[in-house]
Student: 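My structure is below; once you've seen it, I'll send some questions.
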Amino acid sequence: MNAPVSHPPEIAASLEGATPFMAQYLTTKAGQPDAILFFRMGDFYELFFKDAEVAAAALGITLTKRGKHQGEDIPMAGVPVHAMEGYLARLIRIGHKVAICEQLEDPAEAKKRGGKAVVHRGVVRVVTPGTLTEDSLLDARGANRLAAVAVRKGRAAVAVVELSSGAVDSVACSIEDLGAALAAFRPSEVLVTDRMYSDETTRDALDGSGGVVQALAGAIAEPQAAGARVERLYGVSALDGFGAFEEAEVSALGLIAAYLETTQAGKVPALAPPRRLGESGFLAIDPATRASLEIDRTQRGEREGSLLACIDRSVTSGGARALAERIARPLRDPLAINEQLDAVEWLLERRDLRRDLRDALKASSDIARAVGRLALGRGGPRDLAAVRTGLSIAEGVAGLFVGQVDPLTGQPRRIASALDRLTLSPDVSRLKADLIEGLVDEPSHLARDGGYVRPDYRPELDAARTLRDDSRRVVADLEARAVVESGVPFKIKHNAVLGYFLETSAKAAEALLRAGPDSPFIHRQTLANQIRFTTVELSELDAKISQAGHRALAIEAETFEGWRREAARLAQPLQAVAEALAELDAHAALAEWAQEVGATRPIVDDTLTFCVEAGRHPVVEAAVKAGGDPYTPNNARLDGSGQDGSRLAIVTGPNMAGKSTFLRQNALLVILAQAGAFVPARSMRLGVVDRLFSRVGAGDDLARGRSTFMMEMVETAAILTQATPKSFVVLDEIGRGTATYDGLAIAWATAEALHETNRARTLFATHYHELAQLETRLDHVCNLSMVAREWNGELVFLHEAAPGAADRSYGVQVAKLAGVPGAVVARARSVLNRLEGEKAAAARLDDLPLFAVAEPEPIRGPSPVELALRGVDPDELTPREALEALYRLKGLA
């Protein structure tokens with residue numbers, strides 16, 4: 001007899017008076033206190049108590065009641081099993097965790113244990129934002145990453161896993177760089193220790209990541225325990241073979257390992273060995289800069305309108321993710337950057353090959369995510385079909401490059417490396433051949449549905465299917481033989497009690513009844529007018545037919561499981577093929593975009609130069625050209641060494657003239673160049689940038705009580721404390737959120753610090769025209785202005801950056817363009833004229849009747865000269881008439 005199960009006091013108290021079913025539910029729920037529990041009951045997942053109330057409110061489903069527990073009604077809600085993924089997606093999207101509790105036995109088996117026995121159930125998975133693997137829950141063109149952050153001995157580390165594809169990365173950094181390192185991965189979920197989230201420095205980095213933060217017990221991150229978990233996850237005795245990890249990295253990887261143990265209910269995902277990314281391997285971009293530049297998402301959180309959406313010409317989901325990773329984490333090593341550029345240039349020059357490559361890739365599948373699901377036991381026959389298709393495409397793609405090797409220069413290293421990974425190992429080739437031979441062209445989504453193994457692949461399956469599908473014909477054949485052998489007009493019938501039987505009339509059966517025990521026809525039942533018989537063959541057929549459907553499904557399930565295990569065993573070489581296809585797609589996509597927009601290859605080296613000729617903002621140019629207008633390119637030149645020019649440019653000019661676009665344009669060119677992409681410019685030379693900062697536009701952070709000006713100062717402080725001579729900085733309107741002289745003083749001091757202390761290459765846009773004086777005070781400062789002209793009383797923006805400082809801001813004219821009422825514009829012009837006519841030191845605002853109740857100055861009508869001009873059509877005048885008109889106008893003036 002089994003010993004009674006003991007529970008902690010708090011659980012035991014909740015179980016008091018519970019029915020066996022409710023006791024099972026409460027015990028399961030106690031193991032998942034922070035998750036919504038989907039509790040399988042037949043064709044529904046049921047939710048109870050608080051979970052039901054939360055889900056009903058979030059999903060808009062009916063909240064009802066089911067019985068009572070400890071005298072209180074039990075709230076209940078449910079979702080159909082077949083529609084579960086849609087509801088699951090909505091809960092995950094708003095940050096919930098969901099535990100899936102399945103029935104682990106057939107209800108018929110439970111009945112054998114007694115009338116009150118409860119079906120065995122267990123949690124098979126905990127679904128969280130960072131552990132999704134289903135296609136229906138994932139963005140096919142975007143990565144879905146689970147990150148973990150740890151801090152040890154003054155160093156921080158970020159470990160990241162993409163469970164759907166098996167990629168694992170780790171990077172160690174300073175605590176100051178944590179925000180930039182974490183934001184580069186754009187995780188959906190971030191794991192931290194409970195102590196860490198209470199620290200304000202690290203909390204800023206976590207909040208800036210955009211992922212749902214999950215706090216775990218600090219003991220999990222202790223290096224020794226964490227290392228043991230990672231070793232267990234990979235099935236190794238030491239981590240030395242993966243690289244020399246810092247303590248913080250081991251702790252972060254340990255957090256991920258612990259979380260996967262919990263959420264995957266013991267199933268081991270197919271993970272690639274962790275790649276240790278060097279701290280100096282990537283361009284550091286903090287969260288504020290990413291938001292400002294709209295690299296992969298706009299400030300509204302949408303992909304459309306971002307830099308990534310603008311340049312993405314990939315044709316596969318894997319290629320789209322690879323391209324997104326390149327744009328999100330540009331490189332910092334000139335050698336690696338130029339290798340990427342070599343691959344893009346090589347494909348750009350081979351238009352026919354690029355076309356054939358992209359056509360072939362369009363038919364490809366997402367091998368990486370299919371293998372990830374198969375390894376976790378969540379995949380189906382369609383995932384096997386995706387593997388088969390992907391491997392076939394890989395062989396075809398490799399064949400396209402045969403004969404494409406230049407005898408003198410060969411192929412670019414990145415192209416050659418990708419092609420090497422497309423060479424299938426014998427085991428992978430054998431799996432592909434098995435899937436081609438045995439898997440139907442259009443398999444079912446679920447393995448339990450059957451029908452996905454080809455005929456003739458397994459003889460025993462064909463026999464079971466024949467018996468299942470052709471049972472009527474088999475029965476009819478047996479009936480005919482029975483009639484011939486007995487001479488009796490038999491009919492074979494079936495019922496739930498006897499199964500299949502031979503039936504004839506009582507008179508026809510008399511001879512068989514007299515035959516005795518030697519007759520092959522065995523008497524089964526006598527009715528008023530019919531006699532029923534069976535034979536040994538019919539009894540065996542009855543058993544076979546009843547079992548044939550189950551046997552066919554069982555054989556198919558066995559076949560599927562064999563293929564699934566083989567795919568899981570070969571996960572790493574399969575993922576290598578997937579990565580190679582994705583990389584080729586990303587190279588070809590960048591080449592395609594470069595050809596479309598006329599982009600050129602940048603020169604990237606290790607100097608401190610930034611020189612752009614006729615540069616264009618890729619996103620704005622696409623929008624402008626879509627409207628049928630031309631885009632005005634601009635030059636920019638900064639020299640961080642100060643030997644060949646200025647390293648800080650003061651950019652002035654009116655609002656709407658394009659200052660912000662000019663600033664963002666040059667920052668985006670840095671990103672494109674260091675991502676190994678061509679740039680929309682006539683030419684570009686870039687000394688590689690270590691950190692990119694952009695403070696263009698800002699908003700309140702009301703949750704922390706930070707005003708717009710406070711946010712501006714926080715971001716400026718980060719720049720001044722982190723920028724180096726190899727950094728690139730764009731600043732827009734520093735100091736505008738406070739009093740005029742305070743703002744001017746802050747902007748002046750910031751510009752001086754960037755020039756003298758940080759020595760970073762900087763574009764500094766401002767409306768404080770006094771800053772133009774820095775050109776004469778500091779050695780390496782220049783002035784640029786966005787050109788605007790007044791024409792016939794209207795302000796025309798030329799969107800051209802020219803040397804020199806702007807003489808005015810044209811604010812009143814911009815107000816007029818914006819539709820400010822004419823009386824207000826006229827009054828503003830009057831006040832402006834008076835302010836500009838007085839010396840700044842002597843001007844007193846209280847002398848101006850700004851707030852006095854006064855009649856607005858009248859708006860004058862057109863002058864006689866203007867009226868006369870309206871009646872003149874220059875195209876219709878002869879030279880003599882034109883001269884007379886000029887004299888007449890002069891007289892009117």
Side-chain angles (χ1 to χ4, degrees), residues 41-44 80-82 103 105-120 440 444 446-559:
M41 293 178 64
D43 292 333
F44 277 79
V81 169
H82 68 84
Q103 294 178 177
E105 68 172 343
D106 192 292
E109 293 299 316
K111 288 182 179 179
K112 294 177 182 178
R113 299 195 303 273
K116 293 186 178 181
V118 181
V119 174
H120 286 314
V440 299
S444 56
L446 299 174
R448 65 170 179 259
D449 293 339
Y452 46 83
V453 177
R454 290 187 190 276
D456 301 328
Y457 184 70
R458 293 192 64 172
E460 65 273 33
L461 174 60
D462 293 339
R465 283 174 170 171
T466 299
L467 194 57
R468 179 198 65 195
D469 300 336
D470 298 340
S471 58
R472 289 186 179 180
R473 182 181 57 78
V474 174
V475 168
D477 289 346
L478 194 152
E479 179 184 272
R481 282 190 284 112
V483 170
V484 171
E485 291 174 10
S486 65
V488 174
F490 276 128
K491 291 292 183 183
I492 292 183
K493 297 185 178 180
H494 181 275
N495 65 31
V497 177
L498 297 180
Y500 285 99
F501 54 85
L502 293 160
E503 184 178 86
T504 191
S505 65
K507 184 176 181 180
E510 289 177 358
L512 293 178
L513 292 173
R514 291 194 300 267
D518 293 334
S519 172
F521 300 95
I522 304 165
H523 177 240
R524 289 292 306 275
Q525 190 177 38
T526 300
L527 302 177
N529 298 313
Q530 286 88 26
I531 306 294
R532 293 170 175 175
F533 296 86
T534 189
T535 66
V536 173
E537 184 180 4
L538 183 59
S539 297
E540 291 176 349
L541 179 64
D542 185 15
K544 287 179 180 178
I545 289 174
S546 64
Q547 296 172 8
H550 295 298
R551 176 162 172 74
L553 287 175
I555 294 172
E556 286 204 78
E558 176 189 312
T559 306

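Bear in mind the structure is a predicted one, so any value in this text is a computation, not a measurement.
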Student: Looking at G42 and Q103, what are the two nearest heavy atoms and their distance?
Tutor: N-OE1, 2.9 Å
Student: Can you establish whether the number of heavy atoms outside H550 located under 6.0 Å from its atom NE2 is more than 12?
Tutor: no
Student: Could you tell me which non-hydrogen atom of A508 sits nearest to which non-hydrogen atom of V488, and how far apart they are?
Tutor: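 What the structure gives for the nearest pair is O-CG2, 3.7 Å.
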Student: Walk me through whether T559 and Y457 qualify under side chain to side chain contact (heavy atoms under 4.5 Å, CB included).
Tutor: CA-CA 10 Å; T559 306; Y457 184 70; 4.0 Å; yes
Student: What's the verdict on side chain to side chain contact (heavy atoms under 4.5 Å, CB included) for R481 and T535, showing C-alpha distance, side-chain angles and the deciding distance?
Tutor: CA-CA 12 Å; R481 282 190 284 112; T535 66; over 6 Å; no
Student: Donor-acceptor check, side chain of D462 to backbone of P455, threshold 3.5 angstrom: yes or no?
Tutor: no
Student: Do Q525 and L498 pass the side chain to side chain contact (heavy atoms under 4.5 Å, CB included) test, and can you show the C-alpha distance, the side-chain angles, and the key distance before you say yes or no?
Tutor: CA-CA 9 Å; Q525 190 177 38; L498 297 180; 3.3 Å; yes
Student: At what distance, to the nearest 0.5 angstrom, does CG of D542 lie from NE2 of H494?
Tutor: 5.5 Å
Student: Considering only heavy atoms from C-beta outward, does the side chain of V453 approach that of L461 to under 4.5 Å?
Tutor: yes
Student: If you round to the nearest 0.5 Å, how far is CG of L478 from CZ of F490?
Tutor: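 That separation rounds to 11.0 Å.
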Student: Which pair of heavy atoms, one from F521 and one from A482, lies closest together, and at what distance?
Tutor: CZ-O, 3.8 Å
Student: As an exercise, state the distance from CG of L512 to CZ of F533, rounded to the nearest 0.5 Å.
Tutor: 5.0 Å
Student: Distance-only, no hydrogens or angles: does the E105 side chain make a donor-acceptor pair with backbone N or O of H120 under 3.5 Å?
Tutor: yes
Student: Can E556 and R458 be counted as an ion pair, charged N to O under 4.0 angstrom?
Tutor: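 Not counted as a salt bridge, because no side-chain N and carboxylate O are separated by less than 4.0 Å.
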Student: First locate atom CZ of F501, then atom CZ of R532, and finally report the distance between them rounded to the nearest 0.5 Å.
Tutor: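 It comes to 4.0 Å.
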Student: Might you work through the side chain to side chain contact (heavy atoms under 4.5 Å, CB included) test for H523 and L513, ending with a clear yes or no?
Tutor: CA-CA 8 Å; H523 177 240; L513 292 173; 4.0 Å; yes
Student: Check this for me, if you would: do E503 and K491 make a salt bridge, where the nitrogen-to-carboxylate-oxygen distance has to be below 4.0 angstrom?
Tutor: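 Salt bridge between E503 and K491, a charged N being under 4.0 Å from a carboxylate O: no.
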Student: Are R551 and E558 close enough for a salt bridge, meaning some N to O gap below 4.0 Å?
Tutor: no
Student: Could you state the interatomic distance from CG (L538) to CZ (R524), rounded to the nearest 0.5 Å?
Tutor: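 Atom-to-atom, L538:CG and R524:CZ are 9.0 Å apart.
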Student: Specify the closest pair of heavy atoms between S519 and A515, including all atoms of both residues, with the distance to one decimal.
Tutor: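 Shortest heavy-atom contact: CB-CB, 3.7 Å.
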Student: Roughly how far apart are I492 CD1 and L502 CG, rounded to 0.5 Å?
Tutor: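 That separation rounds to 5.0 Å.
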Student: Which heavy atom in R465 sits nearest to a heavy atom in A552, and how many Å separate them?
Tutor: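 Closest approach of R465 to A552: CG-CB, 4.3 Å.
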Student: Before accepting this row, confirm whether a basic side-chain N of the pair D477/R473 lies closer than 4.0 Å to the acidic partner's carboxylate O.
Tutor: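 Judged by the 4.0 Å cut-off on N to carboxylate O distance, D477 and R473 do form a salt bridge.
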Student: Decide if atom CG of D43 counts as having more than 12 heavy atoms of other residues, nucleotides or ligands within a radius under 6.0 Å.
Tutor: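 No, the 6.0 Å shell around CG holds no more than 12 heavy atoms from other groups.
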Student: Can you give me the closest heavy-atom contact between V81 and F44, atom names plus distance?
Tutor: CG2-N, 3.6 Å
